[in-house]
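First the structure, in the form of structure tokens, and then the observations on it.
Every number for a ligand or one of its atoms is a count from 1 in the order of the listing. These numbers were taken from a predicted model, which means no experiment stands behind them. Note: hydrogens, waters and symmetry copies are ignored here, and every other heavy atom, side chains too, is used.
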Amino acid sequence: MSKYIANRAIRGANALVAEAEFMLQQAIAEKGADYPVAFPNTAYYLPLTFAMTNQAVENLGQLNSVLSHARELLHPTPADRKWTPYLGETLDGGMATLLAAETIEAIRYIYGLQPEPYKDFVLSGGTAHTNGNGSSDGLTGHLNGAIDDIQLRSWGIQLVDGRMPGFAAIVGAAKSNEVAVKIVRELQRRNILTFLSGNVNGRSIIDQLQEEGVELGYDTYTVPFGTDTLSAIYALGFASRSALTFGGLKPGQAREILMYNRERVFAFVLALGEVDDLKYAAAAGAINFGFPVIADTVIPEILPTGVTQYEHVVSMPFNEIDGKDDLERAERLVQKCIEVRGVKVQIADVPVPVPYGSAFEGEVVRRTDMRVEFGGKRSRAFEYLHMADLDDVVDGKIEVVGPGFEDLDPQSSMDLGIVIKVAGRQMQEDFEPVLERQIHYFVNGASGIQHIGQRDITWIRLSNAAVDKGFNIEHLGKILHARFHADFGAIVDKVEVTLYTEPSDIETWLQNAREAYDYRNKRLADLTDDAVDEFYSCTLCQSFAPDHVCVVSPERLGLCGAYNWLDCKASYNINPTGPNQPIKLGRIIDNDKGYWTGTNNYAEQASHGVVQEVAMYSIMENPMTACGCFECIVMLVPEANGVLVVNREDSSMTPVGMTFSTLAGMAGGGIQTPGVMGVGKYYLVSPKFISADGGFKRIVWMSSVLKETMADELRAVAEREGDPDLIEKIGDERVATTVDELLAYLEEHNHPALIMDPIF
Ligand code: SF4
Ligand code: ZN
């Protein structure tokens with residue numbers, strides 16, 4: 001342990017705690033101790049403080065005890081002659097720094113200084129912030145500030161299924177703009193979530209990336225917290241909440257939360273440029289979480305002692321890195337970070353002339369940046385994947401039949417049919433739709449390409465930038481060939497892609513494709529729980545929520561919405577020892593509630609005894625547990641004799657007096673809570689939706705965004721239930737945010753739940 005670091009970190013911690021105390025006294029004097037304090041859209045109060053100390057801070061006055069706790073953690077800087085280790089003192093100082101930093105940011109929120117105003121800045125929106133038609137309504141005029149719960153959860157699933165291997169907190173500024181861009185691109189290429197903060201002499205990596213026109217935001221896995229060091233606190237707040245949301249840990253279990261992060265969250269800090277006292281102190285805070293710090297300047301190193309799994313502090317002076325130029329040095333620096341933290345990275349080698357990786361999946365290609373589009377309003381596009389005999393497929397053959405877009409004017413549209421033929425000894429017809437759905441993710445991974453929709457409503461845009469780099473229609477085929485082999489090699493041995501642009505060919509193939517879509521729809525409709533003798537498990541989320549298991553049946557998909565029964569079946573065939581295992585149903589115990597010996601045994605074993613029985617079709621009795629990735633939450637409204645459904649995108653108040661975020665805290669963590677359940681939104685329209693409790697007619701309130709986005713499916717359900725006006729009888733946040741308002745609405749509209757048998 002370096003005394004130099006200990007000295008500077010402890011000095012930085014003392015200074016910051018003093019500053020926080022000063023700011024707090026001033027704020028209390030001006031606003032009063034009762035003045036409310038909160039980070040926006042989170043149920044975790046000030047998340048790091050809440051996780052570490054179990055204090056639910058809601059007003060300025062309560063911050064006093066947070067800071068007195070921080071002060072207790074402070075030690076004097078080590079005396080010159082003292083040679084004992086001071087790791088403990090340094091780590092305490094780090095924790096004090098984090099508490100003080102979170103306090104300061106909370107006060108700044110009150111004064112409108114967080115999220116940090118930043119001229120002309122446009123933050124590209126995330127899944128939760130895109131308005132559905134592909135355009136983004138991201139924030140303007142300020143940086144991101146704290147991450148909200150919606151985004152935390154939507155990243156959660158990606159962290160769990162490995163699409164996102166970890167996160168990097170970058171603090172400072174790179175040697176040059178060019179280096180800044182390279183570092184971020186290298187991280188994006190590996191799908192590592194990147195948090196940006198801090199500055200060196202007033203210049204921040206955020207400024208550098210802005211000047212180079214790099215799109216920052218949730219969509220591109222690059223989140224600009226703020227241009228000072230303190231805003232890095234949001235990264236540790238994110239880490240703390242991950243442990244509470246996905247790990248089932250409780251606030252106040254500081255040690256467990258830190259251990260959880262050390263073992264399961266692959267994160268590191270990359271300090272760019274000169275390191276001052278405050279940065280040392282903050283770094284000491286990160287080390288508490290087991291996150292190592294890599295600096296691109298000369299600083300003393302701290303070798304492994306057990307707190308981090310690897311080195312604590314690694315110095316890699318930028319100019320001394322082996323490499324032919326700065327770009328290569330930047331690449332090596334990122335590689336070093338990954339090695340030090342042991343981040344597991346997988347990237348398929350995709351032969352395209354543009355950067356490729358899931359970090360580019362959310363990119364939007366605006367009309368003005370577009371070279372050509374296929375599908376959308378002005379042309380037709382479709383995609384169709386089918387299996388064929390091994391002899392009928394020429395692996396790697398990519399053929400474009402018809403003219404390219406080279407002779408078209410900029411911003412034109414043209415027809416495109418993508419037909420993929422696959423063959424493999426393990427391939428089954430049932431896997432065709434599963435594989436076909438991947439086209440969306442695969443194509444979107446290319447930087448500058450946007451893919452929306454599926455089947456015959458596919459809509460693809462190529463940007464000018466991508467075409468300038470040489471991207472053409474054939475590359476779409478190359479991407480698909482490479483990714484199907486890389487991701488589905490166990491079921492797919494050969495892949496051939498034909499891209500049709502000639503209208504007459506498109507006509508013929510579209511016919512074939514539509515027949516296949518129809519056939520699949522019918523097959524899906526016939527696929528009921530009663531028609532199969534095995535369900536599938538999904539334990540993907542156990543890396544975050546160790547006791548949670550999704551039991552996936554044909555009529556109940558996984559709660560994240562990403563895995564249905566067919567997906568799980570395909571996944572099992574791809575990886576027989578993976579997270580999706582067949583569950584033999586065995587003997588039926590209760591057909592209405594959905595108990596089988598097989599499902600009960602499986603749930604007990606996979607939950608490590610936490611859950612003994614699981615009812616597939618009830619929310620009131622032994623409901624299925626949830627991790628944190630649910631698309632919607634279903635919650636009992638006792639007064640209305642029914643349930644409400646609130647979805648992730650809805651941050652408004654529900655009639656039970658809680659928002660999605662607060663409810664999520666009750667529904668997640670792998671624990672059974674009768675009356676609360678996290679579900680995938682397509683389960684709502686399943687005939688088996690809480691069928692033991694009365695089914696769909698129990699829904700008395702539902703987020704309006706669900707009503708709108710699932711309008712067709714819901715109309716069909718209303719017909720099925722014999723009550724065509726049923727959806728209009730269901731309240732939403734526009735008409736009821738309290739129980740009284742809801743009851744009045746239900747009475748007025750004669751909602752059936754009011755006269756159904758008591759739900760409990
Ligand atoms: Fe996680 Fe369940 Fe989705 Fe599997 S199905 S990824 S366990 S939420
Ligand atoms: Zn999950």
Show me which atoms of ligand 1 lie under 4.0 Å from any heavy atom of [X].
{"X": "Cys538", "answer": "4 (Fe), 5 (S), 6 (S), 7 (S)"}
{"X": "Leu559", "answer": "8 (S)"}
{"X": "Gly558", "answer": "5 (S)"}
{"X": "Cys541", "answer": "1 (Fe), 6 (S), 7 (S), 8 (S)"}

* To do: Please state whether the separation between atom 3 (Fe) of ligand 1 and some N/O/S atom of Cys627 is under 2.8 Å?
  => no

* To do: Check step by step if ring pair (Phe, Tyr, Trp, His ring centres under 6.0 Å) holds for Phe535 and Tyr602.
  => CA-CA 11 Å; Phe535 293 169; Tyr602 191 89; over 10 Å; no

* **Salt-bridge present (Arg523, Asp526; N to O < 4.0 Å)** => no

* Are a donor atom and an acceptor atom from the side chains of Thr222 and Thr220 found within less than 3.5 Å of each other? -> yes

* **Derivation of the salt bridge (Lys or Arg N to Asp or Glu O under 4.0 Å) call for Glu534 and Lys584** => CA-CA 5 Å; Glu534 59 191 19; Lys584 286 264 170 251; 2.5 Å; yes

* Asked: Below 2.8 Å, any N, O or S contact between Cys550 and atom 2 (Fe) of ligand 1?
  -> yes

* Structure fact -> From the list Phe167, Phe268, Tyr221, Tyr218, ring pair (Phe, Tyr, Trp, His ring centres under 6.0 Å) with Phe195 holds only for Phe167

